[in-house]
Amino acid sequence: RKEVEQDPGPFNVPEGATVAFNCTYSNSASQSFFWYRQDCRKEPKLLMSVYSSGNEDGRFTAQLNRASQYISLLIRDSKLSDSATYLCVVMGGYNKLIFGAGTRLAVHP
Amino acid sequence: NAGVTQTPKFRILKIGQSMTLQCTQDMNHNYMYWYRQDPGMGLKLIYYSVGAGITDKGEVPNGYNVSRSTTEDFPLRLELAAPSQTSVYFCASRMTSGTISYNEQFFGPGTRLTVL
């Protein structure tokens, strides 16, 4: 089993749609979780951290379910500029990041 | 600040050749990392460093070497290039300050390496 698993997509959605991505992780001792965004042929950039109580940043909402070892990202009112690959990331020992393979999102007019 | 810079941007190597991928950060970050990303895959950690003079292996260190003589620089060395090392290589850094550890990693733009 992979340490971090994501649906690779692609998710093709129209502008204005709401879309949700899910991610599962295998190490129940993991403490820190993140969503990174990666544009085509570019480096990953931090989108948001994921907190136990859930957190929101504008149109983006992240949720964590420790019992099910499950992380989600909800994007509301999708924009064309949201088209990218979204990487689910879990922090392992010695503050090393463990990356999922990513979920590709394509927002069309 | 330039952030994390990597050179070269692209490189084609022949099997058995060697090269060094350069990584420099100007943010005075203690922690630095090297990842590789194969097509359709997540990033895999090759080596990391928690400060000058200290390095350690990540998930996929075979075929690579690193050094960290200064806080700013963290070069990655490929001694005998193999086709399996065809990948995109990302360098990253992270700040710590005393007992405070900041989680965000800042990535360089990547080096696209092809071994033929």
Side-chain angles (χ1 to χ4, degrees), chain A residues 1-11 21-27 30-52 55 57 62 64 71 73 84-106, chain B residues 2-7 9-10 21 23 25 27 29-51 54-61 87-97 99-114:
Chain A
R1 182 184 173 186
K2 290 181 183 177
E3 291 188 80
V4 180
E5 295 206 58
Q6 298 182 247
D7 180 344
F11 285 64
F21 306 139
N22 303 320
C23 165
T24 56
Y25 60 96
S26 61
N27 186 351
S30 300
Q31 294 296 318
S32 299
F33 310 90
F34 312 91
W35 285 100
Y36 274 70
R37 171 191 168 130
Q38 187 174 25
D39 292 306
C40 187
R41 301 178 72 80
K42 298 283 191 182
E43 71 273 23
K45 292 184 180 178
L46 180 66
L47 177 67
M48 58 196 302
S49 301
V50 185
Y51 301 119
S52 295
N55 48 298
D57 183 0
L64 169 64
I71 305 160
L73 177 68
T85 297
Y86 291 84
L87 305 172
C88 177
V89 184
V90 175
M91 184 168 284
Y94 297 101
N95 298 121
K96 291 179 282 188
L97 297 184
I98 302 165
F99 287 79
T103 298
R104 198 152 55 90
L105 171 66
Chain B
V4 181
T5 56
Q6 292 182 238
T7 58
K9 285 187 169 53
F10 305 92
L21 283 67
C23 175
Q25 53 90 9
M27 298 174 283
H29 287 178
N30 290 337
Y31 284 62
M32 295 187 75
Y33 307 83
W34 273 106
Y35 296 90
R36 60 176 286 173
Q37 185 177 31
D38 299 327
M41 305 292 284
L43 280 73
K44 293 190 185 299
L45 183 65
I46 306 171
Y47 270 96
Y48 68 101
S49 169
V50 301
I54 307 169
T55 63
D56 209 344
K57 295 177 180 179
E59 184 183 358
V60 290
S87 192
V88 181
Y89 291 84
F90 289 103
C91 178
S93 70
R94 182 170 71 87
M95 185 171 76
T96 60
S97 177
T99 57
I100 299 173
S101 181
Y102 298 88
N103 288 324
E104 181 175 3
Q105 289 192 12
F106 295 85
F107 286 81
T111 294
R112 282 165 178 75
L113 177 66
T114 302

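So that the names make sense, note that chain A is the first sequence line, chain B the second, and so on, each numbered from 1.
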Interface moiety of B/Phe106 toward chain A, non-hydrogen atoms closer than 4.5 Å
neither

Go through the atoms of B/Leu45 and report whether side chain, backbone, both or neither lie under 4.5 Å from a heavy atom of chain A.
side chain

Take atom CD in A/Glu5; do more than 12 heavy atoms of anything else shown fall under 6.0 Å from it?
yes

With a 6.0 Å cut-off (strictly less than), is the heavy-atom count around CZ of A/Arg104, excluding the residue itself, greater than 12?
no

If you round to the nearest 0.5 Å, how far is CG of A/Leu97 from OH of B/Tyr33?
6.5 Å

Say you draw a straight line from NZ of A/Lys96 to OH of B/Tyr31; how long is it, rounded to the nearest 0.5 Å?
11.0 Å

Looking only at heavy atoms and a cut-off of under 4.5 Å, which of B/Arg112, B/Lys44, B/Met41 has the most pairs with chain A?
B/Arg112

Under 4.5 Å from a heavy atom of chain B, the part of A/Gln38 involved
side chain

Considering only heavy atoms, which portion of A/Pro44 lies under 4.5 Å from any heavy atom of chain B: side chain, backbone, both, or neither?
both

Residues in side chain to side chain donor-acceptor pair (under 3.5 Å) with B/Tyr47, at least two apart?
none

Show your reasoning for whether side-chain contact (heavy atoms from CB on, under 4.5 Å) applies to A/Tyr36 and B/Gln105.
CA-CA 10 Å; A/Tyr36 274 70; B/Gln105 289 192 12; 3.8 Å; yes

Between B/Gly40 and A/Ala101, which heavy-atom pair has the shortest distance, and what is it?
O-CB, 3.7 Å

Could you report the tightest heavy-atom contact between B/Phe10 and A/Arg41, atom names first, then the distance?
CE2-NH2, 4.1 Å

